[in-house]
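For the numbers below, each heavy atom of this structure counts, side chains included, while hydrogens, waters and symmetry mates do not. In each ligand, atom 1 is the first atom listed, and ligand 1 is the first ligand listed.
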Amino acid sequence: MLERIRIVLIGTSHPGNIGGVARAMHNMGLADLALVAPRCDVITQDSISRASGADHLLHQATVHSTLEAAVADCTLAVGASARSRTLPWPMISPRELAERLPSECQPDSARVALVFGREDSGLTNAELQRCHAHVHIPTNADFSSLNLAAAVQVIAYECRMAWLSQQHIQQQAAATASSAPENDEALATHAELERYFEHLERTLIAIEFHDPAQPRQLMARLRRLYLRARPEKMEMNILRGILSAMEKAADQR
Ligand code: SAH
């Protein structure tokens, strides 16, 4: 999923910010960086130093003269902006954006563009209107503009969290599929449980805990308890062993 997300920077004017973006991206596992009409050199001492070891992203970055060219192959483009607009665009939070990513990044060929504006003037209305949605990082209303690399960091973090939870769900599904119980992990069958319930009832009568003339739903409640626990065969054997020992003790008494 992460390899299908492209960070697009429009008209960036400080190499240090481009380096900071590369670092934020690499920290979160993103690698596709596209620059639209940058207003500065991309590979400079400043950008390399701010990239702190992620400068391969700077070397791999693609440079385009227009936003259209940078996002031509994308099926979803989302523009990041601190400002609301006179003609409001569908607005989402970084988390809402992230929740959409697992499905938006399907199939393998899908590409999602996250578009960021200039340090001094952000995205124009025309640029935002080329995007499907406007993502706004919730901030102090009186001081809403983050540094470019910081804004990328916040959104890239949400992308990573969405990816991690997708991984987690997939791992759980794989674990459930591969945990077809075997040997002593196998679950007790219906017939084994029924034999156990009969044995349990007999024993409870023998130790005078249970009076079949006044059942008070006891066996139903116990059934519910054991069925909830999904006992394994081996556990069932232990429980039956306990019942046999109780029966023996009751006999001796
Ligand atoms: N002064 C500019 C903001 C520049 S910050 C303006 O008035 O719009 C550089 C870029 O970082 C912005 O264009 C935007 O893409 C991103 N950014 C900064 N703060 C943001 C926020 N609160 N929500 C979403 N994106 C933000």
Which residue and heavy atom of the protein sit nearest [atom], plus the separation:
atom                    : answer
atom 19 (N) of ligand 1 : L146 N, 2.9 Å
atom 2 (C) of ligand 1  : G122 N, 3.6 Å
atom 25 (N) of ligand 1 : S81 N, 3.4 Å
atom 22 (N) of ligand 1 : S144 O, 2.9 Å
atom 8 (O) of ligand 1  : R83 NE, 3.0 Å

Suppose I only count heavy atoms of [X] and a 4.0 Å limit; which atoms of ligand 1 are within that range?
X    : result
V135 : 24 (C)
A151 : 11 (O), 16 (C), 17 (N), 18 (C), 26 (C)
S145 : 3 (C), 4 (C), 5 (S), 19 (N)
T139 : 22 (N)

Indicate, as side chain, backbone, both or neither, the part of [X] found under 4.0 angstrom from ligand 1 when only non-hydrogen atoms are considered.
X    : value
N147 : neither
A150 : neither
I137 : both
V152 : neither

Minimum non-hydrogen distance to atom 9 (C) of ligand 1, winning option of R118, H134, E127
R118
Heavy-atom nearest option to atom 13 (O) of ligand 1, drawn from G79, A149, G117, A82
G117
Euclidean distance, [Y] [atom2] relative to [X] [atom1], rounded to 0.5 Å:
X    : Y   : atom1 : atom2 : answer
Q153 : M28 : CD    : CE    : 4.5 Å
S65  : L35 : OG    : CG    : 12.5 Å
E127 : S81 : CD    : OG    : 10.5 Å

Determine whether more than 12 heavy atoms belonging to other residues, nucleotides or ligands lie under 6.0 Å from atom CE of M236.
yes
If you count every heavy atom of other residues, nucleotides or ligands that lies below 6.0 Å from E3 atom CD, does the total exceed 12?
yes
Looking at V112, D32, L114, L30, which one forms a side chain to side chain contact (heavy atoms under 4.5 Å, CB included) with R6?
D32
Scan side-chain atoms only and decide if T12 and H14 contain a donor-acceptor pair under the 3.5 Å cut-off.
no
Would you say the side-chain atoms of S244 and E247 include a donor-acceptor pair closer than 3.5 Å?
no
So R111 and T75, do their side chains get closer than 4.5 Å, heavy atoms only?
no
Within the 4.5 Å heavy-atom criterion, are Q60 and L33 side-chain neighbours or not?
no
Indicate yes or no: does an N/O atom of A80 lie under 3.5 Å from an N/O atom of ligand 1?
yes
Would D120 count as a contact residue for ligand 1, given that I'm defining contact as a non-hydrogen atom of the residue lying under 4.0 Å from a ligand atom?
yes
Closer than 3.5 angstrom, by distance alone: can the side chain of N147 be matched with the main-chain N or O of A150 as a donor-acceptor pair?
yes
